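Below, each value reflects all heavy atoms present in this structure, side chains not excepted, and no hydrogens, waters or symmetry copies. Convention: sequence-line order gives letters A, B, ...; per-chain numbering from 1. Note that the structure is a prediction, hence the values are computed from the model and not measured.
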Amino acid sequence: MRKILVTSALPYANGPIHIGHLVEYIQTDIWVRAQRLRGNRCIYICADDTHGTAIMIRANKEGITPEELIANVREQHQASFRGMDIEFDHYGSTNDAESRETCAEIWAALRREGLVHEKKISQLFDTKEGTFLADRFVKGTCPKCGAEDQYGDSCDKCGATYTPADLKNPVSTLSGTTPELRDAEHLMVEIERLRPFLTEWTQNGGHLQEEIANYLANFFLKDELRDWDISRPAPYFGFEIPDSPGNYWYVWFDAPIGYVGSTRVWCAKNGENWEKWWKDPETEIHHFIGKDITYFHTLFWPAMLKVAGFNLPEKIHIHGMLTTNGEKMSKSKGTFIKADTYLRHLDPAYLRYYFASKLTGSVDDVDLNFTDIRDKVNADLVGKLVNLASRTAKFIREQGTSASYPEDGGLFAAGAAQADEIAQAYEECDFAKVTRLVMALGDRANKFVEEHAPWVLRKDPERAQELQDVCSVALNLYRQMVIYLAPILPKLAKQSAELLNENAADWTFESVKTPLAGTKVNEFTHLMTRMDEKAIEAMIEETKIENQPAEGQNAEETGSQWDDSAQPLEDEPLDALCTIDDFCKVDLRVARIIMAEEVPEARKLLHLTLSLGGGVTKNVFAGIKSAYKPEDLLGRLVVCVANLQPRQMKFGLSEAMICAAGPGGKDIFVLSPDSGALPGQRIH
RNA sequence: CGCGGGGUGGGGCAGCCGGUCAGCCCGCGAGGCUCAUAACCUCGAGGUCGCAGGUUCGAAUCCUGCCCCCGCAACCA
């Protein structure tokens, strides 16, 4: 019997659980249940990730303490997980005392190894909010290409990377004020010294999927690893570093340690020794994470564990991200669905089964398609699986299953023979394979029923034994399928066990090998209903409404006929006020596009010539290739910034800029004046 | 040239350590059955496996180049 400790990544205590999160928790929950069905000892540990600037600021805004905030959120998270039939052995918090103690232990080990040194870091400080600003909380003008409104670490226009201090005109996104540069001593961990170990661990031993190992080898491990800035100066919501007063561990230091802390809380409650789980090589540690946090879990985390003498993970299972209908989840499209919203409309079994049917153990992204999920659930779960019981159980409600298991042409034995293959598929997280194999069993079972026509047999009292035999076979085949799918569909397993007068908790992978004979069959009640399109639509609608901020709702209440989404303002908040003089510096002019052509080598640019009338022209490279064809622009009047500093671009000199709205991609909308405006006229 | 993944009948996918690998589910067409939650069974139409080269007796499967799509690079897993 293996002893296995499993974790999912800790959700950040700054927002609700949504369907994107659920890919991971459902995947993990299925894997854990499958391990137990195989007879292994397996505990599932998780917790809320509670530290960091974002939590501190949100609590501030809500007028509560961070502790109150994270307690509330933790309740919500746990309710969402329960609703989705995701069962943790313990769901802790990175703010627990046990977590702090473990941080201290690992920290002491890093110190002991001499891996920590101090370094002066200059960081932008928001004087209004009284806090240092993480890169993402600063926006400004790219120092390299002059693109405006770029985040503090890199420019998405020209791809340059820099530090926030390099930004021109930096603005704090928290307060809108101009931050000032301040120095602080940070604690750095020299992870480079562990590179040989990490290279060995990531490349050998099968701890990581191959593509992940390659990614790490090519991207991080081939060069010197940069020191890891592990501390943040006060004020910060987190744990103060014992030997460095005024400094706090960075949230990514204590987040994975939360796995240990949460285990310790569970152990204390259950009379277990936590070190047996984390320091005894007999225990296998399995982490499930999304590919976005690969870096932290495959480099820093093993390094920390290694130095502190903890068990290293046996395997880190990394999954892809969720897209909906082939696109990123979107609040405005109603696909940013919260777990709670889902549960108000739909059965968790649908999503569990659907994700299972899509998960192969690779890092490929998983797409949730609403047509697909309905077809799949209705066809597989209702049409094939549940229908099998539905069409036979009531025929033997009175007499139960046949006293000895009847001849079935080898169907049951064939199903039982797949136990190892299915168990192995679970082990490898290839749940898609599990569902394929089980549904193939369902096809054979339904065919069997068809061929033996119980509805004919029951009309002939002489053939009562045959009828009982056929239905006994069908129910046993059904039972086999349900046991195989029990990790994915725990509730259905429980209900089905009741139908068959069994206890689902007693089922193991061995149970599929012995058929029921001479047992009672209880009354059949509907085990699962079809997935209703209207429920899906209602869920999407509710999601859209939820994501409209208060302003939008007020507009509705006051009877406004234009309930425009608040999304654009959220995406790009209003800027600081400017004076009329500031505005006048920008010379906006009406212009006519008199030449428009593709720039074949450019991904985003079109080459335009603008006429301002009287023979004055401007050469422009505009980043609108993704939304416009040259021929559609020719002759159009547009608004341009006529006095923009010319800029040398890869394909030529750009002397002006045309005005357009929209987030980019296909959604770019070029501004036009009303008819009558003449090229060259100024915009006031 | 930032990194990673993918392009297989209308949709979603499996196969991809070279030789029953052209397969599964949905959808579609025809028929059957009527026990079942319009469910189940049978038959059928539909793909030169992104494109172009190469290796080989033989490639969806290996190699090279190209094209296209997606994700990550955000304290949203």
Side-chain angles (χ1 to χ4, degrees), chain A residues 8-28 49 51-55 57-58 134-137 151-154 156 159 161 211-212 214-216 218-220 250-252 255 288-295 318-323 326-329 331 336 357-358 360 362-367 369 371-376 378-384 386-395 430 432-433 435-437 439-440 442-443 445-459 467 470-471 474 524 526-530:
Chain A
S8 292
L10 312 185
Y12 200 51
N14 190 29
I17 301 300
H18 55 72
I19 48 170
H21 291 106
L22 290 174
V23 172
E24 176 169 316
Y25 301 96
I26 287 175
Q27 181 189 39
T28 315
D49 180 14
H51 292 157
T53 314
I55 300 279
I57 288 162
R58 180 169 158 200
D135 298 351
R136 308 306 304 181
F137 289 121
Y151 282 110
D153 51 356
S154 67
D156 65 15
T161 57
E211 55 264 55
I212 297 293
N214 292 342
Y215 163 64
L216 295 172
N218 295 330
F219 199 57
F220 293 108
Y250 175 49
V251 58
W252 264 113
F288 286 78
I289 62 167
K291 66 182 179 185
D292 55 329
I293 53 175
T294 296
Y295 176 68
I318 301 179
H319 61 80
M321 300 292 139
L322 182 75
T323 57
E327 299 175 22
K328 277 180 93 162
M329 292 192 302
K331 288 184 175 176
F336 198 97
S357 78
K358 292 268 194 175
T360 61
S362 77
V363 296
D364 292 352
D365 289 341
V366 177
D367 186 50
N369 178 292
T371 311
D372 197 31
I373 185 174
R374 177 185 43 114
D375 288 346
K376 188 129 203 148
N378 290 345
D380 286 3
L381 294 185
V382 181
K384 283 201 180 100
V386 168
N387 188 233
L388 195 55
S390 173
R391 66 196 304 208
T392 53
K394 70 175 183 191
F395 291 147
D430 193 351
K433 187 174 180 184
T435 61
R436 277 202 309 279
L437 290 172
M439 283 308 134
D443 287 341
N446 274 306
K447 198 173 291 185
F448 176 87
V449 174
E450 189 73 18
E451 284 165 0
H452 293 79
W455 55 93
V456 173
L457 299 175
R458 78 173 169 149
K459 288 174 184 159
L467 175 64
V470 169
C471 293
F524 180 82
H526 273 195
L527 296 166
M528 191 177 297
T529 55
R530 300 173 66 77

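For the OP1/OP2 pair of B:U42 and a distance below 4.0 Å, the side-chain nitrogens and oxygens of A:Lys447 include at least one atom meeting the criterion. Listed pair A:His18 / B:C76 fails the phosphate criterion, with no side-chain N or O lying under 4.0 Å from OP1 or OP2. In this structure, A:Arg436 does not reach the B:C13 phosphate: none of its side-chain N or O atoms is under 4.0 Å from OP1 or OP2.
Comparing the C1' positions of B:C75 and B:G4 gives a spacing of 22 Å, expressed to the nearest Å. Remark: the separation of the P atoms in B:G44 and B:U8 is 25 Å, to the nearest Å. Between the P atoms of B:G50 and B:U61, the separation comes to 8 Å (whole Å). On the C1' atoms, B:G19 is 6 Å away from B:G58, given to the nearest whole Å. Nucleotides B:G11 and B:C35 place their P atoms 38 Å apart, quoted to the nearest Å. Taking atom C1' in both B:G23 and B:A14, the straight-line distance is 7 Å, to the nearest Å. Taking the C1' atoms as reference points, B:C16 lies 25 Å from B:C72, given to the whole Å. Comparing the same atom, C1', in B:G5 and in B:A45 gives a spacing of 34 Å after rounding to whole Å.
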Base-pair string, RNA chain B, Watson-Crick plus G-U, cut-off 3.5 Å on both distances, | for inter-strand, is .(((((((.[[[[.)...(...]]]].(((((.......))))).....[[[[[..)....]]]]])))))).....
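In terms of the side chain to side chain contact (heavy atoms under 4.5 Å, CB included) criterion, residue partners of A:Arg391 (sequence neighbours excluded) are, by chain and number, A:Asn387, A:Asn446, A:Val449, A:Glu450, A:Trp455. The side chain to side chain contact (heavy atoms under 4.5 Å, CB included) check on A:Ala9 picks up A:Glu24, A:Tyr259, A:Ile289, A:Ile293, with sequence neighbours excluded.
A:Phe448 is listed as a side-chain neighbour of A:Val470, based on a closest heavy-atom distance under 4.5 Å. Here the side chains of A:Thr294 and A:Lys291 are in contact, with some heavy-atom distance below 4.5 Å. For the pair A:Gln27 and A:Val366, the minimum side-chain heavy-atom distance is 4.5 Å or more. Under the 4.5 Å side-chain criterion, counting only non-hydrogen atoms from C-beta, A:Thr435 is not in contact with A:Asp380. Within the 4.5 Å cutoff, the side chain of A:Pro11 has heavy atoms near those of the A:Ile17 side chain.
Per the geometry, CG belonging to A:Asp49 stands 12 Å off P belonging to B:C75, to the nearest Å. The CE-C1' distance, from A:Met321 to B:C70, rounds to 13 Å in whole Å. In this structure, CZ of A:Arg374 is placed 13 Å from P of B:C26, rounded to the nearest angstrom. Computed from coordinates, the A:Asn369 CG to B:C25 P distance equals 19 Å when rounded to whole Å. Nucleotide B:G11 holds its P atom 14 Å from the CG atom of A:Asp375, rounded to whole Å. With rounding to whole Å, A:Leu22 atom CG is found 13 Å from B:A77 atom P. Distance, A:Leu437 CG to B:G23 C1': 14 Å, rounded to whole Å. To the nearest angstrom, C1' of B:C40 lies 8 Å from CH2 of A:Trp455.
Among the heavy atoms of the strands lying under 4.0 Å from A:Gly383 are primed sugar atoms or P, OP1, OP2 only; no base atom is included. Residue A:Leu322 is classed as a base contact, given a heavy-atom separation below 4.0 Å to a base. Residue-level contact check: A:Tyr25 touches neither bases nor backbone, having no heavy atom under 4.0 Å from any strand. Here A:Val386 lies in heavy-atom contact (under 4.0 Å) with a base. Across all strands shown, A:Lys433 has no heavy atoms under 4.0 Å from either base or sugar-phosphate atoms. At the heavy-atom level, A:Tyr250 lies under 4.0 Å from base atoms of the strands shown. Residue A:Lys358 is classed as a sugar-phosphate contact, given heavy-atom separations below 4.0 Å to backbone atoms only. Residue contacts shown for A:Ser357 are absent, as no nucleic acid heavy atom lies under 4.0 Å away. Within 4.0 Å of A:Met528, counting heavy atoms only, lies at least one base atom of the nucleic acid.
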Walk me through whether A:Phe524 and A:Thr392 qualify under side-chain contact (heavy atoms from CB on, under 4.5 Å). CA-CA 9 Å; A:Phe524 180 82; A:Thr392 53; over 6 Å; no
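Distance from the side chain of A:Leu527 is smallest for B:U37 among the nucleotides B:C41, B:A73, B:U37. When the nucleotides B:C72, B:C41, B:G12 are ranked by their closest atom to the side chain of A:Asp372, B:G12 comes out on top. Residue A:Ser390 places its side chain closer to B:U37 than to any other of B:C26, B:U37, B:C35. Distances from the side chain of A:Val382 to the nucleotides B:U37, B:G71, B:C40 place B:U37 closest. Of the candidate nucleotides B:C40, B:G71, B:C26, B:C40 has the atom lying nearest to any side-chain atom of A:Asn387. When distances run from any side-chain atom of A:Asn446 to the nucleotides B:C40, B:C26, B:C75, the shortest one goes to B:C40. Closest approach to the A:His21 side chain among B:C26, B:C76, B:C72 is made by B:C76 (side chain taken as heavy atoms from C-beta onward). Here the nucleotide nearest the side chain of A:Asp443, chosen from B:A77, B:C25, B:A14, is B:C25.
Comparing A:Lys384 and A:Arg391 by the nucleotide of RNA chain B whose heavy atom lies nearest to each, the residue mapping closer to the 5' end is A:Lys384. For the pair A:Val449 and A:His51, nearest-nucleotide mapping onto RNA chain B gives the more 5' position to A:Val449.
Note that the CG atom of A:Leu381 and the NZ atom of A:Lys376 stand 10.0 Å from one another [nearest 0.5 Å].
Side-chain atoms of A:Arg58 come within 3.5 Å of backbone atoms of A:Asn14 as a donor-acceptor pair (strictly under, hydrogens ignored).
Between A:Tyr12 and B:C75, no base-stacking contact is recorded for ring centres under 5.5 Å apart and planes less than 30° from parallel.
Ionic pairing of A:Asp443 and A:Lys384 is present here: one or more N-O contacts between side-chain nitrogen and carboxylate oxygen are shorter than 4.0 angstrom.
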